[in-house]
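A note on names: the letters A, B, ... follow the listed sequences, proteins ahead of strands, and every chain is numbered from 1. Remember, predicted model here, so these are calculated numbers, not experimental data.
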Amino acid sequence: MRVLSGIQPTARFHWGNYFGAIRQYIDLQTEDEAYYFIADLHALTTVRDADKLRQNTFDAAVDLLALGLNPEHAVMFVQSHVPEVTQLCWLLMTGTPMGLLERCTAFKDKKAHGLTADAGLFTYPVLMAADILLYDADVVPVGKDQVQHIEVCRDLAGSFNHEFGETFVLPKAKILESTAKVPGTDGEKMSKSYNNTLEVFEPLGQLKKKIMRITTDSRPMEDAKEPESDHLFQLYSLMADDSQREEMAAMYRRGGFGYGEVKKALLGVATDYFAEARERREALVAKPEQVQDILADGASRARKKAGEVLARAETACGLRG
RNA sequence: AGGGGCGUAGCUCAAUUGGCAGAGCGCUGGUCUCCAAAACCAGAGGUUGCGAGUUCGAUUCCCGCCGCCCCUGCCA
């Protein structure tokens, strides 16, 4: 079994990213083989600032390592460090029906929002297919919004296999149960595009300000409140242990205490929850060359596998003897 | 490719005949609040797409380029 997952370095990771996806990816790293890459080629479709892209890519690497991604267990690399992916992308693109891409909702959505659609955005699912097929991945953990792209990948791999003979492993999507709802500072789903995020490695002073500004309802302190329906409690539950959660729930039901208290408690558990990761991050930032070494090692391991698969595909379609 | 329209703050848009670049929303800080929200007060934010030209002076006028939208064609 080989698990593969990529993450775009478009912004710093927030709680929604972590509890919704990253944590699960990291938990899967002890599968037989795990490949994790930072999708800088995909990020290039939106991040059009060289320094920013460089910095984002480095930050993503450091953050993932700090959050527990272990290069001993998983192959961790930067997408563009394995140029084979763009070569495979072309092989796949030659057989890709336009209609398949036009049907992808991610593309339709962006276009509907008036964003300029360039060819890179349009062919994004093909690059994603190359990402997956290049490493013979069996399992791709994704949120449900990405399931369609996995289907595209299977379609492309299937038709290539049909035309040129068995070449690619057909991957399966592993749909990540969104076990926990992660609301943002306005109570809506936490998302960069809603500008309501709390970042995992936010400076603590800033985190405090953001938490204190989380929107609440206007009920007075005295009222008893139902904890499950409150987004402050939902956030608290993500990071509190069982006894803390019970205690907080009891406080809600009893009434007589206010949201200000909950926010302070939330800041407390959030600080504790990510404290070790923060320390690890500090240590890594102090030694950037160590991070680069990890990425270089990951790239060379990834390229070994990628070279095999690309050669197989090139032979199948007649590009090499 | 030809014709037309557009390009100004993060967003939507103003700016008289060519005369100190503005408003709303958003953002930041403050008052208030258990914390917020609302309300009120204050503040930050700009190479006016890029480049050249005319002019004492260009967001405004002329020329070139780039990008986006519409119409009409052309090619495969």
Side-chain angles (χ1 to χ4, degrees), chain A residues 8-12 14-16 43-53 55-56 90 93-102 106-124 126 181-199 201-240 244-245 247-273:
Chain A
Q8 269 201 53
T10 47
R12 294 302 296 277
H14 56 70
W15 293 2
L44 197 53
T45 60
T46 49
V47 181
R48 306 295 293 178
D49 179 310
D51 291 332
K52 188 171 279 181
L53 184 57
Q55 185 64 44
N56 284 358
W90 178 259
M93 217 157 2
T94 53
T96 303
M98 296 288 281
L100 192 64
L101 301 180
E102 280 160 1
F107 172 73
K108 285 199 294 189
D109 283 355
K110 288 209 177 171
K111 236 188 142 186
H113 280 80
L115 295 181
T116 327
D118 62 22
L121 181 66
F122 185 63
T123 56
Y124 175 113
V126 185
K181 184 189 170 195
V182 184
T185 53
D186 56 359
E188 299 301 313
K189 179 182 192 282
M190 190 180 289
S191 161
K192 191 197 168 208
S193 49
Y194 295 163
N195 198 26
N196 64 357
T197 61
L198 297 161
E199 289 170 12
F201 294 108
E202 192 124 26
L204 291 176
Q206 197 177 308
L207 181 63
K208 181 179 182 181
K209 277 190 198 169
K210 280 194 179 180
I211 287 178
M212 293 313 281
R213 270 164 38 204
I214 289 175
T215 310
T216 66
D217 60 49
S218 303
R219 287 182 294 176
M221 274 177 72
E222 298 73 37
D223 284 18
K225 302 168 187 77
E226 201 43 45
E228 283 76 16
S229 61
D230 183 64
H231 51 269
L232 276 177
F233 183 78
Q234 289 162 2
L235 289 172
Y236 184 80
S237 298
L238 292 172
M239 291 170 280
Q244 287 173 314
R245 191 179 306 115
E247 205 174 317
M248 182 61 79
M251 298 274 274
Y252 266 78
R253 296 201 179 87
R254 192 179 308 132
F257 90 118
Y259 292 117
E261 290 302 313
V262 185
K263 289 178 178 181
K264 283 176 195 162
L266 174 60
L267 178 64
V269 292
T271 307
D272 291 345
Y273 190 87

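- Tyr194(A) has its OH atom 18 Å from the C1' atom of G10(B), to the nearest Å.
- Look at the P atom in both G30(B) and G67(B): the space between them is 45 Å, to the nearest Å.
- In the interface, the side chain of Ser218(A) is paired with the base of A36(B) through a donor and an acceptor atom under 3.5 Å apart.
- Distance, Leu232(A) CG to A37(B) C1': 13 Å, rounded to whole Å.
- A straight line from NE2 of His231(A) to C1' of A36(B) spans 9 Å, rounded to a whole angstrom.
- Tyr252(A) has its OH atom 17 Å from the P atom of C34(B), to the nearest Å.
- In this structure, the side chains of Leu235(A) and Ile211(A) stay at 4.5 Å or more apart for every pair of heavy atoms.
- Annotation: U16(B) and C27(B) have their P atoms spaced 31 Å apart (nearest Å).
- Among the nucleotides A36(B), U28(B), C34(B), the one closest to any side-chain atom of Met212(A) is A36(B).
- Comparing C25(B) with A38(B), their P atoms sit 12 Å apart, to the nearest whole Å.
- Pairing for A23(B) is with U12(B), a Watson-Crick or G-U wobble pair whose two hydrogen-bonding atom distances lie under 3.5 Å.
- C20(B) and A58(B): their C1' atoms are spaced 14 Å apart (whole Å).
- Partner Trp15(A) forms a side-chain contact (heavy atoms from CB on, under 4.5 Å) with one of Met190(A), Glu199(A), Glu202(A) and no other, that one being Met190(A).
- The NZ-C1' distance, from Lys264(A) to C35(B), rounds to 8 Å in whole Å.
- Within the 4.5 Å cutoff, no side-chain heavy atoms of Lys225(A) are placed close to those of Asp230(A).
- Remark: P of U33(B) and CG of Asp217(A) are 18 Å apart, rounded to the nearest angstrom.
- Distance from the side chain of Arg213(A) is smallest for U28(B) among the nucleotides U28(B), A36(B), C34(B).
- Across the C1' atoms, G3(B) and A76(B) are found 24 Å apart, a figure rounded to whole Å.
- Residue Lys209(A) contributes atom NZ, which lies 7 Å from atom P of G30(B) at whole-angstrom precision.
- Between Tyr259(A) and Asp217(A), some side-chain heavy-atom pair lies under the 4.5 Å cut-off.
- One P atom belongs to A9(B), the other to U31(B), and the distance between them is 32 Å to the nearest Å.
- Between the C1' atoms of A37(B) and G19(B), the separation comes to 45 Å (whole Å).
- Counting only distance, with no hydrogens or angles, the side chain of His231(A) and the backbone of Thr215(A) share a donor-acceptor pair below 3.5 Å.
- Rounded to whole Å, the C1' atom of C68(B) lies 16 Å from the corresponding atom of U8(B).
- Distance, Lys208(A) NZ to A36(B) C1': 15 Å, rounded to whole Å.
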